[in-house]
There are 2 protein chains.
Amino acid sequence: MVSDTKDNKTITIYDIAKEAGVSASTVSRVLTNSANVRKEKKERVQALIDKYNFKPNALAKGLSDTKSHLIGIVSADVRNPFYAALYVACENAARQRGYNVLLCNSLGEGTREIEQLHMLKQQRVDAIIQIGGRVDDDVTDKTFSKEVTDIVSTIPMVVSGKIEGVKCYSVVIDAKEASTLLTQHLLQLGHRKIALVGGRLDVFSTKIKYDTYKEILEKNNIEFREEYIVNGRYDSETGYSGVKKLLGLKEIPTAIIAINDFAAAGVVRGLTELGFKVPEDISVVSYDNTYIADLLTPKLTSIDYDYETFGKKLIDVAIKAAEGEEVSSLNPITPHLVVRESSAALR
Amino acid sequence: MVSDTKDNKTITIYDIAKEAGVSASTVSRVLTNSANVRKEKKERVQALIDKYNFKPNALAKGLSDTKSHLIGIVSADVRNPFYAALYVACENAARQRGYNVLLCNSLGEGTREIEQLHMLKQQRVDAIIQIGGRVDDDVTDKTFSKEVTDIVSTIPMVVSGKIEGVKCYSVVIDAKEASTLLTQHLLQLGHRKIALVGGRLDVFSTKIKYDTYKEILEKNNIEFREEYIVNGRYDSETGYSGVKKLLGLKEIPTAIIAINDFAAAGVVRGLTELGFKVPEDISVVSYDNTYIADLLTPKLTSIDYDYETFGKKLIDVAIKAAEGEEVSSLNPITPHLVVRESSAALR
DNA sequence: TGAAATCTCGAAACCGATTTCAAACTTTAT
DNA sequence: ATAAAGTTTGAAATCGGTTTCGAGATTTCA
């Protein structure tokens, strides 16, 4: 019979101790396997632990050893499948190492993020992982970095990217390689008129993608055209309005690189509406390879990151930092090209 | 200058007390506003709290008042936008009421869910919300309900749906109304050959949707055709293979109700591949109105639930139960029809 | 003005674990 | 047999808050 209660009240280490005829210290020792306990007693205690399916109060444990065994994750928005994938990978990795995860969604708002960081501090999380920073300008960079610096002085923080003016652990995607894969893929298919849709240049990784694209064009003696760059947000609306703008040009592009699958969805929608077929008329590729890439018609050619590895690395750094271990140098996450239906050779 | 540390060590209520020249009890009283404190002292203490941006240790507080101010959420998979939307709504509602949220993804596996429930118990969460139950048969119903009953005897649990053999609070969607909205919508557009794709009849809400559909057909003297029902999972693959089956029939349907937006995406893909246009040739509608509905081309007509209200209700019940308040009778969540591009009048 | 009622506030106990310390008990070596 | 060394164990302190209790200060009212 599985039961963790006796007289309908949560049992403690003292209840176990009493029933086993030993002291609480001994029960604790059995629980944590931290010191020798005579075999006979050990078995007696263990039997009771099993009998009641006893699990020590995490609050008391945390208070005692000043560790919560909780890792805080501040994500921009788990409703975004990119963050969701990364979050789940982190959760899995954390759980495997005996940690739990406290998730907060900042929705890109700086004030909200600061609030949540304070909350995580109050919860005494052992480390914080930030995936996807703020995009709102509701707080100045200076205020923000000051607040975050303050938090970081107490709790180790690892970021998937960078925070301006704050030094903390950072695990990044190799954006240069990602951009190279996509651009080269299109070049190999014969495309020369390649447009970029979505993303802000003040976002670190976006800037790298943009620079790399430009660099590769130059290397291949292809003219860079300012009008093929349509910056914006990271949503489908940006893709939609962006592609409409591109199709108004004298020389319309034959391929489009969207900043993520959302933007790509908007691009596909815009093209379809105007009677263009993907990929027959125009190829569309994107970053992130979320499940959206697989859901759209045609399925999207996209850049994948192996989210499990990504999450594991974030958690690994976070736990190492939390436990005061040395954190070895951090290699960036390697992107992979997944070719599907949305890209084809130029006709 | 924002700073919560002094001598690089986390400060406590005692540090504040010492510096203010009062006892820890007084600081606590100011902190919780639980008793009178002479104005002069109160201000002195408050000034220090502000100065250091002091936040009381949640572990200590939780241990002391035997409440963690944490609500555990067991979700099937936040990567599914339906659960993600509901989760974010819950998080918002919880935060607004001073609670934090501990998220677990069961991935539909019973063993994993049981494990996570135990973990949540160990964390001493004040209540548990389950959104999206298990679909794997890795644990028998009997074992599962026994384990869950055991947990529920200690921690109040609210479920968005039902758990067989376990009595706990339950907030459900009005599936009958949802099915009615969709079926009537198609009937009004002139459709008489309506197919159902995806979903398992042993899932409570799916069964209701199925029954309601049948009922409405009967009421309208429309022949019910077994071959128009293609059960399966809740993913796009099911939609894809389902629609292929339907298109092999002598009399192909003119409208398809997908069990969710994923299945609908698969249906649209299948139709497009075979040269059918949506909605010109065949209308496609679905349940859940996740952002996928807005992303596909054409945009999907779908059933929305007002996730904010849904989440708020779940949290409201959870907190009431946690605080020992009476939980009033629970009205089901009212669904709404959102008409977009994927449904059109029969030609 | 003095007794009664009300406020204010600190000491101490408590929540439930871990950990240090030293006493008591075993085992080993001479 | 006895000293030395090693093991096992419980009492007590600790983590950082909240809460009860009662003493002392203040206010109210006759």
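Chain identifiers are assigned alphabetically (A, B, ...) following the order of the sequence lines, protein sequences preceding nucleic acid strands; residue numbering begins at 1 within each chain.
No side-chain N or O of B/N92 forms a donor-acceptor pair with one of B/Q96 less than 3.5 Å apart. With 3.5 Å as the limit, one finds no donor-acceptor pair spanning the side chains of B/S25 and B/S28.
For A/Y87, the side-chain hydrogen bond (donor to acceptor under 3.5 Å, both in side chains) criterion is met by A/E91, not counting sequence neighbours.
Taking each heavy atom of A/G110 and A/V139 in turn, the nearest pair found is C-CG2, 3.8 Å. Heavy atoms only, all atoms of each residue included: A/G72 and A/L120 are closest at CA-CD2, 3.9 Å.
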Q | Worked check of salt bridge (charged side-chain N to carboxylate O under 4.0 Å, His left out) between B/K312 and B/E308 | A | CA-CA 6 Å; B/K312 201 175 289 178; B/E308 282 300 314; 5.8 Å; no
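Put simply, CD1 on B/I16 is 12 Å from P on D/dT18, counting in whole angstrom units. Going from atom NZ of B/K61 over to atom P of C/dG16 covers 16 Å, rounded to whole Å. What separates CG of A/N57 from P of C/dT18 is a distance of 10 Å, to the nearest Å. Spacing between atom CZ of A/R124 and atom C1' of D/dG17 amounts to 10 Å, rounded to whole angstrom units. Put simply, CD on B/E40 is 15 Å from C1' on D/dT26, counting in whole angstrom units. B/H69 places its NE2 atom 13 Å from the P atom of D/dG17, with the value rounded to the nearest Å. In this entry the distance linking CG of A/L59 with P of D/dG17 reads 13 Å, nearest Å. Distance A/D15 CG to C/dG16 C1': 10 Å, rounded to the nearest Å.
Base pairing analysis places C/dA4 opposite D/dT27; the two distances defining the Watson-Crick or G-U wobble pair are each below 3.5 Å.
The distance from atom OG of A/S68 to atom CG of B/L59, rounded to the nearest 0.5 Å, is 6.0 Å. The line from NE2 of A/H69 to CD of B/Q123 is 9.0 Å long, rounded to the nearest 0.5 Å.
Relative ring orientation between A/Y307 and A/F82 is described as perpendicular, the plane-to-plane angle rising above 60° on a 0-90° scale split at 30° and 60°.
Counting non-hydrogen atoms under 4.0 angstrom, A/V22 reaches the backbone sugars and phosphates but no base.
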Listing time: all N or O pairs from protein to nucleotides 19-24 of chain C that are below 3.5 Å?
none

Nucleotide N/O of nucleotides 4-8 of chain D paired with protein N/O under 3.5 Å:
unit_1, atom_1, unit_2, atom_2, d
D/dT8, OP2, A/N36, ND2, 2.6

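Comparing A/Y14 and A/T26 by the nucleotide of DNA chain D whose heavy atom lies nearest to each, the residue mapping closer to the 5' end is A/T26.
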